[in-house]
Engineer: 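Would you mind keeping the following structure in view while I ask a few things?
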Amino acid sequence: MLEKNFDPKTAEPRLYAAWEASGAFAPTSDPAAEPFSIVIPPPNVTGSLHIGHALNNTLQDVLTRFERMRGKAALWLPGTDHAGIATQMVVERQLAEAGNRSRRDMGREEFVAKVWEWKAESGGTITNQLRRLGASCDWSRERFTLDEGLSAAVRKVFVTLHKQKLIYRDKRLVNWDPHFQTAISDIEVEQREVEGAYYHFAYPLEDGSGEIVVATTRPETMLGDTAVAVNAKDPRYTHLIGRAVRLPIVNRPIPIIADDYADPEKGSGAVKITPAHDFNDYQVGKRNNLPLINIFDPQARLNENAPKEYQGLDRFAARKKVVAEFEALGLLREIEKTRHAVPHGDRSGVVIEPYLTDQWYVDAKTLAQPAIKAVEEGRTVLEPKNWEKTYFEWMRNIEPWCVSRQLWWGHRIPAWYGPDGRIFVEETEEAAKAAAREHYGHDEPLRQDEDVLDTWFSSGLWPFSTLGWPDKTADLARFYPTHTLVTGFDIIFYWVARMMMLGIHFTGGVPFKRVFFNALVRDAKGAKMSKSKGNVMDPLELVDSYGADALRFTLTAMSGQARDIKLSTQRIEGYRNFGTKLWNATRFTQMNGCARAEGFDPAQVKGVLNRWIVGETARAAQTVTAALEGCGFDEATNGLYRFIWNTYCDWYVELAKPLLNGADEAAKGETQATAAWVLDVILKLLHPVMPYITEELWNQTADLGAPRAQGMLITAPWPVLPSSLIDPAADAEIGLVIASVSEGRSVRAELNVPPSAKPALLVVEATPAQRQVFETNAAVIAQTLRVSEVRFEDAIPEGAIPFVVDGATLALPVAQFIDLAAERARLAKEIATHASDIAHVNKKLGNPAFVANAKEEVVEENRERLAESEAAKAKLEGALSRLEAAG
RNA sequence: GGGCGGCUAGCUCAGCUGGUCAGAGCACCUGGUUUACACCCAGGGGGUCGGGGGUUCGAACCCCUCGCCGCCCA
């Protein structure tokens, strides 16, 4: 006998260990099995599981378990990302907290060793957390972006792209993060609205004949100004073009130039030009051959190109000083408060500076073209579809991708420099040396590029590098292209786009056939979860409190939402209860001898109730299957919930009780077998979403009746049930029983008939078919409606309360309990409902245009509905008038 | 400024190709020890589907427009 409740705390670790030990997580070796593969979005190796991971990985696990049960060679390939900036940041912080030397004092080698130490220490955390969630990843294939194989893939890709001239070195403005002292890519820059000001500065004309006013939100950049631009069409300034102003503080003459970038409508119409520290100004500088003066050092302190008294000052201190000096000089014309967007590093949170450096770039424009085409042609489908627009928009306007980072944790760029600065890009140092020897005619000392690659460079190779590329492995042949990628839309550019570009370029095939973008999880109020807000929900705490299944079901059920999921513990609790409900339903069947029958064939069951539940089971299986095939996760869970709780527990089990306790041994036996069969199907259908409780129940019911062909549920075959199992006659019959019982209960409740009272149920008017139904189901109705018997009468007896179900008139003789007022109210309410329905339908049918234009079946449907309502209303009105007469 | 998503019962959300589509869960109210389950059972109240306009015989669903809320890109 089952315990009273499922205990996730003890069962989950036990079951997970059993699955893992059984080898079920690895794809079947059956060569005939169709492959189904998913690569995990690799979490940061030193990270820990947050609720977003929980959602993302639950969905992947649902798909993987589903396809595994469907007999496919299902591979969910796990792994972690070295997460360059993020990990380096964590380790640096730890060093600082421990009072250690800084990374620069420590040196590269020692620091990187420290990071590996930290990886060894904390690297297993998140994968163990995934196990707790129930993730059925094939851990034997686990990869890490910095492991040897993946590093080789990175070098190969870099070198190949370089030889194809799709990677090149260039000196241009980059987004410079002064905190990490590295370049970052465009998408790592976050625009944040901040309070700021336009400072209006007057630049005196060189000849002292006047001034020109320019405005800026970054006053300190004026120290690097090399021109003032005006629009050639702006009559206020045409006469000044070609002349010069004397740059205050710096005391340097700079030209007044004409350039369309100056917008006469904006501010004074004149703009200061700082080509080395502004992306727009850089273009202006290029067009006009202006000198570039870099005024910052890597930490964004003023360098030797600034006036003496500014050198070494932080940029924000310099800003204050510049403003103060302008004021002192009498050249500060205005300070205009404003809110404006300022670029910030998404990791460091500090203000980004455009900064002139040498970096490595990927020609994304070229790589993007086939990636755009692949989605246009549907070789990769993005779900929900509307993300394709976002994808196209970004891909069609893509900029060169800056892939070098001035960090130490990551893949070191495979480029070596000769003494004369010549670059040798090769997969190994030996190859670079050989190339150098070839070039110079003798050995020369080479120096490897200090920089590492953007983390997303290696994750961009993930779908094929993890399968063994560049080697032609069996896994690569079998599992690439992968089937579905499940990820958050927040990394569509960072990751999905890059995988598309690199995957197609290097393998010729798309990396995945389908991308499913899951929603973002927010707190119950809809706010983004963040540590600073203190509204973070720890998935592991939720697993502790409610079990992994409840959390999984909740996340799956809510993942239909377009953008956000507002997660509340109430919801999780509700689904925990759902699990308990199933647990107890199983307990019930166990207590009632429901055991699998040898050779049970659902198509052969005789009893109408059993035929009905077999049909409902087939419907449920079809719904869930179709939903999961199409990533309709909410549809799948809602279907399961309704079928299991409302259909199976509330009706089938209740209606089956008389049969299970009855004297008809044949009917009892069939019902026991059917109940057991349905339960097995339920466990299978629910398993992908709630793997633990279903596996446990599967296990606990293993000894009941005929043995199952298969061992664990995780690898049991998915139910495929044909529509032929649906019996319309059984549907109609049980439908009438359910409607009668529901309506009867409603009448009892409204009239305050005591629950202990057991009147008879009178069938007064019914078609012969309906009478047959009431006859054969009398026992069932008696028990569920709590009536003494079902009896046929020719007329409604004095004091009996009538109600109408499917056109049949039923009545409950409960004169002794009748509250006249309550009954009158009840009848009046029912009549009113019908009356409004009749009015509604009449209005439609009375409209000749409706009858003329609407589809025939719609018109017919309305006619039937009208007739039904009118009949019911008439009967109830008769009852009401009798009541009035009697009263 | 451009794009996207949302605005349906007190709360969180379903409502797929216009015609029982006005729903579910939670919350609330009433009743219940029917030996699977109080993490339960039965019953009930509650919404002019953000505003306005249009298309249509018919619109929560299609079109236009306005208003909020959120996200992304400039």
Side-chain angles (χ1 to χ4, degrees), chain A residues 1-2 4-6 186-187 189-191 341 384 386-390 392-394 397 489-490 492-493 519-520 522 524-528 546-547 550 554 557-558 560-592 594 626-627 630 632 634-635 637-638 641-642 645-646 649-650 653-654 657 660-661 741-756 758 782-786 829 837 840-841 843-855 857-859 861-862 864-865 868-869:
Chain A
M1 176 58 61
L2 286 171
K4 203 164 175 189
N5 281 311
F6 176 57
D186 296 341
I187 51 177
V189 176
E190 230 170 68
Q191 299 294 335
N386 51 281
W387 288 107
E388 293 189 352
K389 189 163 184 167
T390 306
F392 286 138
E393 194 58 27
W394 192 71
N397 297 295
F489 54 78
D490 50 332
I492 183 170
F493 306 141
L520 241 49
R522 294 166 184 279
K525 294 193 189 85
K528 205 166 176 168
Y546 304 101
T554 308
M558 302 185 83
Q561 271 125 275
R563 291 282 186 129
D564 308 331
I565 291 181
K566 290 177 196 143
L567 190 63
S568 73
T569 51
Q570 269 191 339
R571 193 87 183 226
I572 305 172
E573 203 179 317
Y575 290 130
R576 186 268 321 266
N577 297 351
F578 170 66
T580 306
K581 183 74 181 177
L582 173 64
W583 184 267
N584 279 294
T586 308
R587 235 174 132 238
F588 171 84
T589 56
Q590 220 179 28
M591 288 170 164
N592 284 275
C594 299
D634 55 335
E635 219 180 310
T637 50
N638 289 338
Y641 188 94
R642 258 196 280 276
W645 199 315
N646 303 120
C649 294
D650 288 349
V653 168
E654 290 307 317
K657 279 177 181 173
L660 293 169
N661 295 322
V741 171
S742 296
E743 199 52 40
R745 281 173 177 165
S746 181
V747 169
R748 291 183 66 129
E750 278 183 67
L751 296 181
N752 300 315
V753 176
S756 54
K758 283 192 155 194
Q783 172 146 342
T784 40
L785 184 53
R786 297 185 62 66
K829 192 183 106 192
D837 199 39
H840 184 70
V841 179
K843 198 179 151 199
K844 270 192 185 176
L845 292 170
N847 181 350
F850 171 73
V851 180
N853 296 328
K855 278 181 290 189
E857 62 259 38
V858 173
V859 177
E861 217 174 84
N862 275 279
E864 278 169 18
R865 189 168 145 199
E868 235 168 73
S869 277

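Side chains included, hydrogens not; waters and symmetry mates left out as well; all remaining heavy atoms used. Each chain gets a letter, A, B and so on, in the order the sequences are listed, and its residues count up from 1.
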Engineer: How does each nucleotide of nucleotides 29-40 of chain B score, in 5' to 3' order, for protein heavy atoms under 4.0 Å: base (B), sugar-phosphate only (S), or none (-)?
Structural biologist: --S--B-BBSBS
Engineer: Under the rule for salt bridge (charged side-chain N to carboxylate O under 4.0 Å, His left out), what residues qualify as partners of A/Glu743, not counting sequence neighbours?
Structural biologist: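 Listed in chain order: nothing, the list is empty.
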Engineer: Name the stems that RNA chain B belongs to, where each is three or more consecutive Watson-Crick or G-U pairs with both distances under 3.5 Å?
Structural biologist: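 The stems that RNA chain B takes part in, listed by first number, are B:1-7 with B:67-73, B:10-13 with B:23-26, B:28-32 with B:40-44, B:50-54 with B:62-66.
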Engineer: For A/Lys581, what residues pass the salt bridge (charged side-chain N to carboxylate O under 4.0 Å, His left out) criterion, not counting sequence neighbours?
Structural biologist: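 With neighbours one apart ignored, the set is empty.
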Engineer: What integer number of Å spans the C1' atoms of B/G18 and B/U30?
Structural biologist: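 Those two atoms are separated by 39 Å.
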Engineer: For residues 584-592 of chain A, tabulate all N or O donor-acceptor pairs below 3.5 Å that involve a side-chain atom, not counting sequence neighbours.
Structural biologist:
from: A/Asn584; atom 1: ND2; to: A/Thr580; atom 2: O; distance (Å): 3.0
from: A/Thr586; atom 1: OG1; to: A/Leu582; atom 2: O; distance (Å): 2.9
from: A/Arg587; atom 1: NE; to: A/Leu2; atom 2: O; distance (Å): 3.4
from: A/Thr589; atom 1: OG1; to: A/Thr586; atom 2: O; distance (Å): 2.7
from: A/Gln590; atom 1: OE1; to: A/Leu2; atom 2: N; distance (Å): 3.0
from: A/Asn592; atom 1: ND2; to: A/Phe588; atom 2: O; distance (Å): 2.9

Engineer: For A/Pro754, give me all partners under side chain to side chain contact (heavy atoms under 4.5 Å, CB included), at least two apart in sequence or on another chain.
Structural biologist: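 Side chain to side chain contact (heavy atoms under 4.5 Å, CB included) list for A/Pro754, sorted by chain: A/Ser756, A/Ala757, A/Phe817.
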Engineer: Counting only side-chain heavy atoms from C-beta out, which of B/C73, B/C57, B/U20 sits nearest to A/Glu861?
Structural biologist: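 Among B/C73, B/C57, B/U20, the one nearest the side chain of A/Glu861 is B/U20.
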Engineer: Return the set of residues passing salt bridge (charged side-chain N to carboxylate O under 4.0 Å, His left out) with A/Arg786 (not counting sequence neighbours), or none when no residue passes.
Structural biologist: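 Listed in chain order: nothing, the list is empty.
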Engineer: Test of understanding: with side chain to side chain contact (heavy atoms under 4.5 Å, CB included), list the residues that count as partners of A/Ala849, not counting sequence neighbours.
Structural biologist: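 Once residues adjacent in sequence are excluded, the partners of A/Ala849 under the side chain to side chain contact (heavy atoms under 4.5 Å, CB included) criterion are A/Asn847, A/Asn853.
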Engineer: Mind checking the C1' distance from B/U55 to B/G23? Whole angstroms is fine.
Structural biologist: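 Each nucleotide's C1' atom is 27 Å from the other's.
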Engineer: How would you list all residue pairs meeting salt bridge (charged side-chain N to carboxylate O under 4.0 Å, His left out) that involve residues 747-756 of chain A, not counting sequence neighbours?
Structural biologist: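 Non-adjacent pairs meeting salt bridge (charged side-chain N to carboxylate O under 4.0 Å, His left out): A/Glu750-A/Lys829.
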Engineer: Taking only residues two or more places apart in sequence, or in another chain, which ones meet A/Glu864 in a salt bridge (charged side-chain N to carboxylate O under 4.0 Å, His left out)?
Structural biologist: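 By the salt bridge (charged side-chain N to carboxylate O under 4.0 Å, His left out) rule, A/Glu864 matches no residue at all.
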Engineer: Could I get a table of every N or O pair under 3.5 Å where one atom is in the protein and the other is in nucleotides 22-24 of chain B?
Structural biologist:
none

Engineer: Ignoring backbone atoms, establish whether A/Ser746 has a side-chain N or O less than 4.0 Å from OP1 or OP2 of B/G44.
Structural biologist: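 Answer yes for this pair, as a side-chain N or O of A/Ser746 is under 4.0 Å from OP1 or OP2.
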Engineer: Return the set of residues passing side chain to side chain contact (heavy atoms under 4.5 Å, CB included) with A/Thr569 (not counting sequence neighbours), or none when no residue passes.
Structural biologist: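 A/Met537, A/Leu542, A/Tyr546.
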